[in-house]
Student: 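The structure follows.
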Amino acid sequence: MTVKLSGLLENIKVAEIIGDTDRNIVSLESDSRKVEKESMFVAVRGVTTDGHKYIPVVASAHVGAIVCEELPATLEKGITYIRVDNSAKALGELASAWYGHPSDKLTLVGVTGTNGKTTTATLLYEMARMEGYKAGLLSTVCNYIDGEAIPTTHTTPDPLTLNELLARMVETGCDYAFMEVSSHAAAQHRIAGLRFAGGVFSNLTRDHLDYHKTVENYMNAKKMFFDMLPASAFALVNADDKAGMYMVQNTKAKVSTYSLRSDADFRGRILETRLDGTLMLLNGREVEVQFTGRFNAYNLTAVYGASILTGFNPEEVLVNMSRLVPVAGRFQTLRSASGRVTAIVDYAHTPDALVNVLDTIRDIVGADGHIITVTGAGGNRDHGKRPLMAREAACRSDRLILTSDNPRDEEPTAIIADMKAGLSAEELARTLCITDRREAIRTALQTAPEGAVVLIAGKGHETYQEVNGVRHHFDDREEALNAFKEMGEA
């Protein structure tokens with residue numbers, strides 16, 4: 001595939017061009033190791049490295065063009081140099097152009113927020129397919145092109161991968177695409193150059209402060225997504241979240257709201273809840289859904305509203321709400337054969353997410369019900385949330401087991417020590433520390449009294465555990481089922 005350089009630059013804000021733009025480009029790369037003769041290399045300033053330092057290397061490979069924020073001291077003959085103000089943003093715009101602006105040919109809806117992104121985006125994808133459309137999904141759990149599963153590595157892929165996937169959706173005949181938009185993706189301009197038909201905001205609580213440093217920076221990164229929406233798009237926000245209306249202060253999009261507590265364009269209400277489902281009202285209409293918890297009621301109300309704003313038939317949407325099923329690892333319920341013990345596997349990895357899940361369980365089992373929580377915290381991430389997570393879990397559980405999550409390059413016992421620092425003497429007295437996550441899950445289930453609910457939190461859908469930079473197979477759901485088998489309860 002070759003593309004004329006002048007065509008790639010048509011919609012890019014350029015500060016300076018040195019060299020010929022009437023030339024063919026054979027590939028677009030931001031990784032210096034992938035360039036070849038007549039490639040275009042975009043030097044991006046990343047978190048751990050600066051692409052500008054590789055300009056001499058790619059120049060020696062006789063690339064066709066180099067995009068950068070600062071021109072090198074020596075300009076090689078035969079290379080076109082393009083100076084821009086922000087090369088990360090330029091990469092997103094160039095990637096879109098390289099793949100023929102695929103988002104222009106799809107109804108693309110993005111979902112952002114701290115919690116609920118995966119569930120909301122996935123259910124919108126499922127809703128589109130129930131409506132009879134071909135659709136694509138870009139999510140934390142898995143990417144899909146119509147029904148084809150594509151493994152995922154990031155919540156939001158890099159611009160080249162992202163546009164390649166969108167282009168494949170177009171080639172497959174997809175009408176719709178739904179994607180999670182992470183705060184990292186917005187801050188790093190991974191979504192630059194995309195045209196969204198709509199955006200959904202779920203909620204905002206503390207997360208990713210290892211990267212954003214402050215809650216304000218984190219919030220503004222998410223707001224960037226709504227700032228970029230065109231006037232033709234919709235912006236659907238949670239009116240019950242204090243950050244909801246802040247997100248759309250500067251948007252050109254048509255703003256709509258959803259709520260469980262107040263008047264809104266799309267109003268949800270919980271009538272009855274169980275461990276395996278909920279009876280809800282959606283804009284005054286009763287519907288039985290296969291989801292549990294207030295947090296899921298918010299997700300479903302967002303799905304209901306976004307589906308209608310996307311253009312799906314309101315009556316069909318209401319019927320299909322009852323057919324939707326939970327996303328893997330999101331409040332996924334596993335029962336022992338006799339029903340003596342229930343395990344719930346959930347991705348909750350922030351203080352707020354633990355509160356949501358544990359309050360839901362307590363509402364269902366009542367004050368006399370017994371709750372055991374197994375949780376940890378990821379290594380090389382926000383240290384400040386560790387004691388907060390432990391505190392929220394301890395005060396909502398009858399017993400707490402602190403264990404490893406993905407320790408990455410940190411010592412698991414040090415992470416657990418950070419978590420223990422948030423506990424009172426009384427809470428510590430009913431807390432166990434078991435570094436081995438497999439053993440922690442076994443202990444929780446095998447010592448649980450009859451009727452107990454064991455929450456296994458933090459990893460959800462993940463099928464690995466990362467220790468010392470190496471990923472080993474590990475699935476909380478498998479471990480729970482294996483524990484049931486050992487108990488003779490499979």
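Excluded from the calculations below are hydrogen atoms, water molecules and symmetry mates; all remaining heavy atoms, backbone and side chain alike, are included.
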Student: Apply salt bridge (charged side-chain N to carboxylate O under 4.0 Å, His left out) to R438 and list each qualifying residue two or more places apart in sequence or on a separate chain.
Tutor: E479
Student: We want to know whether S262 and R267 form a side-chain donor-acceptor pair, criterion being a heavy-atom distance below 3.5 angstrom.
Tutor: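 The answer is no; no qualifying pair exists.
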Student: Are side-chain N/O atoms of T114 and Y218 paired as donor and acceptor at under 3.5 Å?
Tutor: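 Present: a donor and an acceptor within the cut-off.
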Student: With rounding to the nearest 0.5 angstrom, report the OH to CZ distance, Y133 to F312.
Tutor: 6.5 Å
Student: May I ask you to decide whether E439 forms a salt bridge with R442, counting only side-chain N to carboxylate O separations under 4.0 Å?
Tutor: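 Judged by the 4.0 Å cut-off on N to carboxylate O distance, E439 and R442 do form a salt bridge.
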Student: Could you go through the salt bridge (charged side-chain N to carboxylate O under 4.0 Å, His left out) check for R335 and D276 one step at a time?
Tutor: CA-CA 11 Å; R335 282 200 175 90; D276 60 354; 5.0 Å; no
Student: Answer yes or no: are there more than 12 heavy-atom neighbours, outside R269 itself, under 6.0 Å from its atom CZ?
Tutor: no
Student: Under 3.5 Å, side-chain donor or acceptor atoms of residues 93-101 against the rest of the protein: list the pairs with distances, not counting sequence neighbours.
Tutor:
{"residue": "S96", "atom": "OG", "partner": "H101", "partner atom": "ND1", "Å": "3.1"}
{"residue": "S96", "atom": "OG", "partner": "G193", "partner atom": "O", "Å": "3.2"}

Student: Any pair with a residue in residues 318-331 that passes side-chain hydrogen bond (donor to acceptor under 3.5 Å, both in side chains), sequence neighbours left out, goes on the list, sorted by first then second residue, please.
Tutor: T118-R330, E131-N320, N320-R323, R330-H461
Student: Less than 6.0 angstrom separating the ring centers of F331 and F291, yes or no?
Tutor: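 They do not qualify: ring centres at least 6.0 Å apart.
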Student: Counting C-beta onward and ignoring hydrogens, is there a side-chain heavy-atom pair between R430 and E427 closer than 4.5 Å?
Tutor: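 Sidechains of E427 and R430: in contact.
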Student: Are L106 and D175 packed together at the side-chain level, in the sense that at least one heavy-atom pair is separated by less than 4.5 angstrom?
Tutor: no
Student: Do the side chains of V454 and T342 get nearer than 4.5 Å, heavy atoms only?
Tutor: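 Side chain of T342 against side chain of V454, heavy atoms only: no contact under 4.5 Å found.
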Student: Scan residues 294-316 for pairs that pass salt bridge (charged side-chain N to carboxylate O under 4.0 Å, His left out), counting only residues two or more places apart or in two chains.
Tutor: R285-E315
Student: According to ring-ring contact (aromatic ring centres under 6.0 Å, His included), who are the partners of Y246, at least two apart in sequence or on a separate chain?
Tutor: none
Student: Please check if atom NZ in K223 has more than 12 non-hydrogen atoms from other residues, nucleotides or ligands closer than 6.0 Å.
Tutor: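 Buried by this count: over 12 neighbours within 6.0 Å.
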Student: Tell me yes or no: between the side chains of D363 and T360, is some donor less than 3.5 Å from an acceptor?
Tutor: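 Distance-only check fails for D363 and T360.
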Student: Just by distance, with hydrogens left out, do S424 and R391 show a side-chain donor and acceptor under 3.5 Å apart?
Tutor: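 R391 and S424 do not have a side-chain donor-acceptor pair below 3.5 Å.
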Student: Could you label the plane-to-plane angle of the H349 and Y347 rings as parallel, tilted or perpendicular, counting under 30° as parallel and over 60° as perpendicular?
Tutor: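 Geometry flag for Y347 against H349: tilted rings.
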Student: So, using salt bridge (charged side-chain N to carboxylate O under 4.0 Å, His left out) as the criterion, who are the partners of E450 when residues are at least two apart?
Tutor: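 Salt bridge (charged side-chain N to carboxylate O under 4.0 Å, His left out) list for E450, sorted by chain: empty.
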Student: With Y298, which residues qualify under ring-ring contact (aromatic ring centres under 6.0 Å, His included), at least two apart?
Tutor: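 ring-ring contact (aromatic ring centres under 6.0 Å, His included) check on Y298 returns nothing, list empty.
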Student: Inspect the surroundings of CZ in R129 and state if more than 12 heavy atoms from other residues, nucleotides or ligands are less than 6.0 Å away.
Tutor: yes
Student: CE/M179 to CG/L137 distance, rounded to the nearest 0.5 angstrom?
Tutor: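 Those atoms lie 10.0 Å apart.
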Student: Evaluate the side chain to side chain contact (heavy atoms under 4.5 Å, CB included) criterion for residues F266 and N283: first the C-alpha distance (whole Å), next the side-chain angles of each, then the deciding distance (0.1 Å), finally the verdict.
Tutor: CA-CA 6 Å; F266 301 99; N283 277 9; 3.9 Å; yes
Student: Working to the nearest 0.5 angstrom, can you tell me the gap between R168 CZ and N163 CG?
Tutor: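 The distance works out to 13.5 Å.
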Student: Test side chain to side chain contact (heavy atoms under 4.5 Å, CB included) on M247 and M219; report intermediate values, then the result.
Tutor: CA-CA 8 Å; M247 289 290 148; M219 179 167 61; 3.6 Å; yes
Student: For K252, enumerate each residue passing the side-chain contact (heavy atoms from CB on, under 4.5 Å) test, keeping only those at least two apart in sequence or located in another chain.
Tutor: A231
Student: Applying salt bridge (charged side-chain N to carboxylate O under 4.0 Å, His left out), name anything that partners E288, two or more places apart in sequence or on another chain.
Tutor: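 Scan of E288 (salt bridge (charged side-chain N to carboxylate O under 4.0 Å, His left out), adjacent residues dropped) gives R274.
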Student: Indicate whether the side chain of T463 and that of D475 have a donor and an acceptor atom separated by less than 3.5 Å.
Tutor: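 No, no side-chain donor-acceptor contact under 3.5 Å.
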Student: Taking the side chain as everything from C-beta on, heavy atoms only, tell me whether H472 gets closer than 4.5 Å to E466.
Tutor: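 A side-chain contact is absent here, since even the closest heavy-atom pair is not under 4.5 Å.
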Student: Can you list everything that forms a salt bridge (charged side-chain N to carboxylate O under 4.0 Å, His left out) with D240? Sequence neighbours excluded, please.
Tutor: none
Student: For the residue pair Q465 and S404, confirm or rule out a side-chain donor-acceptor distance under 3.5 Å.
Tutor: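 S404 and Q465 do not have a side-chain donor-acceptor pair below 3.5 Å.
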Student: Which residue pairs pass the ring-ring contact (aromatic ring centres under 6.0 Å, His included) test when at least one of the two sits in residues 357-376, sequence neighbours left out?
Tutor: none
Student: For residues 301-310, which side-chain N or O atoms pair as donor and acceptor with protein atoms under 3.5 Å away, sequence neighbours left out?
Tutor:
{"residue": "T301", "atom": "OG1", "partner": "A297", "partner atom": "O", "Å": "2.7"}
{"residue": "S307", "atom": "OG", "partner": "V303", "partner atom": "O", "Å": "2.7"}
{"residue": "T310", "atom": "OG1", "partner": "A306", "partner atom": "O", "Å": "2.6"}

